[in-house]
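The chains referred to below are lettered A, B, ... by the order of the sequence lines, with proteins before strands, and numbering in each begins at 1.
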Protein chains: 2
Amino acid sequence: MNIGQAARTSGVSAKMIRHYESIGLVPPADRRDSGYRDYGVADLHRLGFIRHARDLGFSLDRIRVLLDLWSDPGRSNADVKAIAEAHVRELEERARQLNEMADALRSLADACDGDGRPDCPIIASLETGAEAPACHRNPDPMAPESPARRGKTRTKR
Amino acid sequence: MNIGQAARTSGVSAKMIRHYESIGLVPPADRRDSGYRDYGVADLHRLGFIRHARDLGFSLDRIRVLLDLWSDPGRSNADVKAIAEAHVRELEERARQLNEMADALRSLADACDGDGRPDCPIIASLETGAEAPACHRNPDPMAPESPARRGKTRTKR
DNA sequence: GTTGACCTTACCATGATGGGAAGGTTCATA
DNA sequence: TATGAACCTTCCCATCATGGTAAGGTCAAC
């Protein structure tokens with residue numbers, strides 16, 4: 001099967017299949033006389049594995065390790081679980097940071113009238129680095145919880 | 001003031017200050033006879049603005065727009081607010097996707113015994129693309145709500 | 001006048017992916 | 001049989017924000 005069909009079947013673009021081959025994530029594909037790559041079911045299986053791991057946000061480096069474990073009949077599921085849990089923690093940490101930024105910016109946006117005048121607490125905060133002053137924040141009428149949740153935690157990046 | 005001092009004062013690395021100059025995010029710095037860049041308070045102010053916007057996750061392209069609005073005395077805070085709100089939505093969407101991945105992987109990891117044997121629902125799921133089967137998931141003893149929560153971003157936040 | 005800390009430009013690398021050019025192959029159809 | 005569309009090949013470049021390094025110039029203190 002051609003690389004295009006393999007791409008459509010596996011959900012991995014032809015561009016990426018070639019890339020994965022170039023970095024050794026998949027073995028060099030068989031070639032026909034024409035030089036075209038030729039894929040079989042085992043190749044599709046491996047590409048599918050990579051695809052699913054990418055869908056879960058694993059980096060290609062970690063996928064390399066997962067592929068090794070996959071092909072190791074004597075693997076320990078404790079190793080797999082440890083990798084997965086480390087990745088879960090990273091995903092949650094990144095999500096937490098994004099939510100922190102979103103919350104901070106939401107506070108600023110809520111404090112901005114948006115009435116067409118130049119005055120703007122968002123711009124003011126970017127100038128000074130100060131967060132939205134509580135006394136100017138429009139209270140959220142839908143707030144289901146205690147509003148005392150924004151700490152300081154300025155991520156250093 | 002030298003670029004190093006400007007970097008320490010503004011929290012933007014010297015490397016990045018030069019980069020911002022090269023892409024036109026900050027105007028070309030004054031130069032001394034030696035060729036050294038020379039920064040004043042206005043420059044530090046601008047760098048601080050950029051730094052704070054980066055801390056909120058804005059891309060350099062959007063920061064460019066924010067800087068234009070900042071320096072426009074006739075700006076409309078509605079424009080600023082619109083940009084901020086669009087960015088908040090993007091941040092939240094990205095966080096949601098990360099949490100979705102984390103939740104899916106957490107389910108798989110919870111279903112994995114981690115007892116050292118090769119059997120592993122995580123590997124199995126990567127092979128087939130199937131999610132963790134409910135009948136194998138270890139129930140969460142702390143679950144405060146109905147167990148039908150998959151697919152929604154419901155981590156603590 | 002030497003030394004060490006600073007500055008300059010220029011190039012390369014990251015990670016995962018896409019775009020495109022220049023040229024060869026396959027296959028159905030006119 | 002010829003042609004054209006759709007495919008394939010390799011190679012290079014771009015993204016985005018940031019860091020590293022190298023080769024060389026400047027400054028200030030001792």
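Close to C:dT8, at under 4.0 Å from its OP1 or OP2, lies a side-chain N or O of B:Arg37. Of the side-chain N and O atoms in B:Arg31, one or more sit less than 4.0 angstrom from OP1 or OP2 of C:dT9. The shortest distance between the side-chain N/O atoms of B:Ser34 and the OP1/OP2 oxygens of D:dC27 is below 4.0 Å.
If you take CZ of B:Arg54 and P of D:dG19, they are 10 Å apart, rounded to a whole angstrom. Computed from coordinates, the B:Arg51 CZ to D:dA17 P distance equals 16 Å when rounded to whole Å. Here the C1' atom of nucleotide C:dT17 and the CG atom of A:Asp55 are 14 Å apart, to the nearest Å. Atom CG in B:Asp33 sits about 15 Å away from atom C1' in C:dC7, given to the nearest Å. B:Tyr39 has its OH atom 14 Å from the C1' atom of C:dC6, to the nearest Å. In this structure, B:Gln5 places its CD atom 10 Å from C1' of C:dC6, rounding to the nearest Å. Going from atom CG of B:Asp38 over to atom P of C:dT8 covers 10 Å, rounded to whole Å. In this structure, A:Ile50 places its CD1 atom 15 Å from C1' of C:dG15, rounding to the nearest Å.
B:Asp113 and B:Arg117 are joined by a salt bridge, as a carboxylate oxygen and a charged side-chain nitrogen come within less than 4.0 angstrom of each other. B:Glu90 has a carboxylate O that lies under 4.0 Å from a charged side-chain N of B:Arg62, or vice versa, which qualifies the two as a salt bridge. The pair A:Glu92-B:Arg106 does not count as a salt bridge, with every side-chain nitrogen at least 4.0 angstrom from each carboxylate oxygen. Using a 4.0 Å cut-off between charged nitrogen and carboxylate oxygen, A:Glu93 and A:Arg96 count as a salt-bridge pair. A salt bridge does not link B:Asp68 with B:Arg64: none of the charged nitrogens is closer than 4.0 Å to a carboxylate oxygen.
When only modelled atom types and interatomic distance are considered, B:Arg32 and B:Asn2 share a side-chain donor-acceptor pair under 3.5 Å. For the residue pair B:Asn77 / A:Asp115, a side-chain donor-acceptor distance below 3.5 Å is found, with atom types taken as modelled.
Of the residues in residues 11-22 of chain A, those lying under 4.0 Å from DNA chain C by heavy-atom distance are A:Ser13, A:Lys15, A:Met16, A:His19, A:Tyr20.
With C:dC6, C:dT26, D:dC8 as the choices, the nucleotide that has an atom nearest any side-chain atom of B:Asn2 turns out to be C:dC6. Taking every side-chain heavy atom of A:Tyr36 into account, D:dC8 is the closest of C:dC7, D:dT10, D:dC8. Side-chain proximity of A:Ser59 to the nucleotides D:dA17, C:dA16, D:dG25 is greatest for C:dA16.
When side chains are defined from C-beta on, B:Leu126 does not count as touching B:Leu108, because their heavy atoms never get closer than 4.5 Å.
The bend of the helix from C:dG1-D:dC30 to C:dA30-D:dT1, defined by the angle between the axes of its first five and last five pairs, stands at 30° to the nearest 10°.
Under the 30°/60° scheme for interplanar angles, the aromatic rings of B:Trp70 and B:His45 are found to stand perpendicular.
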